[in-house]
Amino acid sequence: MKMFVVLTVCMSVVVLALAQADQKVKNCNEVRTAYSSKGFNVNDVPNKGVHGNHLKVCPQGFSCCTLEMEEKLSQQSRTDLKAPVHQLSSNLQGTFTQRHRHFDQFFRELLANAEKSLNDMFVRTYGLMYVKNAELFEHFFSELRRYYTHGSSAVNLDDMLAEFWTELLERMFRLVNVQYEFSDTYMECVSRHMEQLKPFGDVPRKLRLQLTRSFIAVRTFTRGLALMPEVVGKVSTVSASPSCVRAAMKMLYCPYCTGQVALKPCKNYCLNVMRGCLANQADLDTEWNNFLDSMLGLAERLEGPFNFESVMDPIDVKISDAIMNMQENSIQVSQKVFQGCGQPKPNMAFRTRRSPKDSGFPGRFRPYSPDARPTTAAGTSLDRLLTDVKKKLKHAKKFWSTLPDTVCVGERIAAGDECWNGTAKSRYESVVIGNGLANQVSNPDVEVDITKPDMVIRRQIAVLKEMTSRLKAAYTGTDISFVNEDDGSGEESGSGCDSPPCDSDGDIYFSTPAPKKPGINMQPNQQPSNGTRLASFSLALAVTALLLALLTPHMR
């Protein structure tokens with residue numbers, strides 16, 4: 001008897017629950033309110049449930065949805081699917097756009113302050129002699145700025161530094177030997193002996209090593225920071241496929257059609273849908289992480305041996321030390337030059353001068369107190385910038401592979417088993433699949449064509465590979481010159497390549513610059529080289545062959 005009573009009570013509860021659910025389907029008031037809140041016309045919603053045989057996505061029982069509603073909610077699901085991805089991507093973009101601006105502003109300010117410091121110091125130390133030769137130093141800093149902006153395609157740092165010291169030697173040699181007259185040919189001979197003479201001591205060698213390594217590291221790191229928001233922007237705007245929109249509609253709005261507007265999807269169901277819709281983005285993760293690791297490695301170099309701040313801050317003192325060394329050894333340097341290049345002609349104009357001040361050469365270069373030098377890059381330091389950006393770089397790792405997990409949290413899903421599983425309010429039984437395109441072959445909720453990867457994302461994978469190669473080279477103090485490197489990092493050598501070889505080998509995306517060969521000035525009395533003679537002979541043969549081909553039919 002007791003068993004009968006219990007059974008009766010249980011059946012009553014089940015019948016009551018079904019009746020309530022059926023009542024919700026028959027009464028579509030909640031659906032009308034929710035549908036209207038999305039900005040749609042409330043008159044689209046029937047007052048009570050109708051047969052859902054017309055529906056293409058949602059369950060075809062009694063439903064509060066018409067075909068027109070399903071189509072509009074499908075478009076809404078596309079927007080709702082993109083919204084969290086766009087928000088997360090925009091946050092990442094904003095973070096590194098700001099960091100790039102901070103670094104770029106800091107480096108430019110540091111370079112500007114270094115130039116100002118040198119100018120102030122040299123005006124006070126060397127006076128009129130410096131003012132008359134200031135354009136040499138202005139050009140020096142101008143070329144450093146041009147390299148920072150345009151890279152090795154615009155300025156070869158080694159060549160630029162060598163030319164700077166050569167020109168400085170020539171100007172100083174004339175000043176310390178103002179009693180002599182030097183022709184351009186004689187000064188070329190002086191320049192050729194520079195390596196043997198070492199008039200500036202070891203400063204040129206040390207400064208060349210410090211400047212090239214730090215500038216390569218700084219420029220590459222800054223371009224890496226600029227690349228990140230560009231890649232994120234391109235990848236996050238990839239359009240959702242029709243099958244993905246269909247799956248999103250089924251997950252987000254099919255509960256509306258059953259009258260359960262507050263019902264949220266199961267967590268694992270959400271993960272499978274999002275991993276299917278973001279499969280191509282997840283494939284970016286490997287190269288993305290490699291790129292971030294290389295950025296972190298170069299950041300450590302910037303904190304240590306390639307520290308741009310520690311090189312630029314005292315550059316005026318270093319160049320002044322080189323000038324002092326030249327002055328102190330001017331007699332020995334001049335004697336060696338006279339031995340190698342010959343005794344120069346006396347400067348007759350010098351003998352007629354009334355005052356030694358007319359020579360423009362102060363009797364002695366005066367050392368400059370470093371305490372009087374202006375401060376650089378006020379408001380921050382390289383160490384503080386690097387500490388901050390390293391945290392952000394580490395936080396950005398695995399961004400793409402964890403994107404579905406980041407989306408399927410909080411209010412977007414239902415906790416526990418009382419959730420929407422795609423067909424009803426119940427537990428989700430399917431296994432959660434892995435990330436990436438290859439794993440989607442077994443996705444139970446999204447149809448993904450694994451044979452057609454998204455080419456926009458493939459291009460960004462190629463761009464990241466290219467930049468990673470550049471970062472690794474900069475880590476060793478080596479610069480890599482890319483084709484069209486100023487055309488925009490997202491559309492460099494990676495763009496325009498839609499075939500599998502794009503991903504096969506990173507070496508095809510860059511080329512090391514060929515060493516510059518000295519130009520040959522052909523004088524009228526010089527004979528052309530063998531290569532020129534061969535080229536002319538080959539051209540003559542080609543013309544002769546063409547004439548024979550034209551004349552042969554007439555000869556017949």
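Heads up: numbering here begins at 1 and tracks the sequence.
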Residue pair T185, S183: steps toward the side chain to side chain donor-acceptor pair (under 3.5 Å) verdict
CA-CA 5 Å; T185 303; S183 65; 4.5 Å; no
Close side-chain approach of L111 and F215, heavy atoms under 4.5 Å
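In contact.
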Side-chain touch T125/I323, heavy atoms, less than 4.5 angstrom:
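Side-chain contact under 4.5 Å: no.
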Basic-acidic side-chain contact under 4.0 Å: [X], [Y]:
{"X": "K397", "Y": "D293", "answer": "yes"}
{"X": "R174", "Y": "E170", "answer": "no"}
{"X": "D388", "Y": "R384", "answer": "no"}
{"X": "D104", "Y": "R108", "answer": "yes"}
{"X": "K390", "Y": "E303", "answer": "yes"}

Mind checking the [atom1]-[atom2] spacing from [X] to [Y]? Nearest 0.5 Å is all I need.
{"X": "Y130", "Y": "S320", "atom1": "OH", "atom2": "OG", "answer": "11.5 Å"}
{"X": "N113", "Y": "E309", "atom1": "CG", "atom2": "CD", "answer": "10.5 Å"}
{"X": "F306", "Y": "R301", "atom1": "CZ", "atom2": "CZ", "answer": "4.5 Å"}
{"X": "M312", "Y": "I315", "atom1": "CE", "atom2": "CD1", "answer": "4.0 Å"}
{"X": "I461", "Y": "M455", "atom1": "CD1", "atom2": "CE", "answer": "9.0 Å"}

Under a 3.5 Å cutoff, is there a donor and acceptor pairing between the side chains of N290 and T468?
no
What I want to check is whether the side chains of Q210 and K318 have a donor and an acceptor closer together than 3.5 Å.
yes
Note: V333 and L197 closest approach over all heavy atoms is O-CD2, 4.1 Å
Considering all heavy atoms of both residues, which atom of I216 and which atom of Y147 are nearest to each other, and what is their separation?
CG1-OH, 3.3 Å
Determine whether more than 12 heavy atoms belonging to other residues, nucleotides or ligands lie under 6.0 Å from atom [atom1] of [X].
{"X": "I331", "atom1": "CD1", "answer": "no"}
{"X": "D184", "atom1": "CG", "answer": "no"}
{"X": "E135", "atom1": "CD", "answer": "yes"}

Parallel, tilted or perpendicular, as decided by the 30° and 60° cut-offs, for the rings of F137 and F122
perpendicular
If the plane angle is over 60° it's perpendicular, under 30° parallel, otherwise tilted; pick one for F338 and F182.
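Answer is parallel, since the angle falls under 30°.
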For the pair [X] (side chain) and [Y] (backbone), establish whether a donor and an acceptor sit closer than 3.5 Å, ignoring hydrogens and angles.
{"X": "N307", "Y": "S310", "answer": "yes"}
{"X": "D285", "Y": "S401", "answer": "yes"}
{"X": "W288", "Y": "L464", "answer": "no"}

Taking the cut-offs as 6.0 angstrom to the six-membered ring centre and 45 degrees off its axis, would you call R219 and Y148 a cation-pi pair?
no
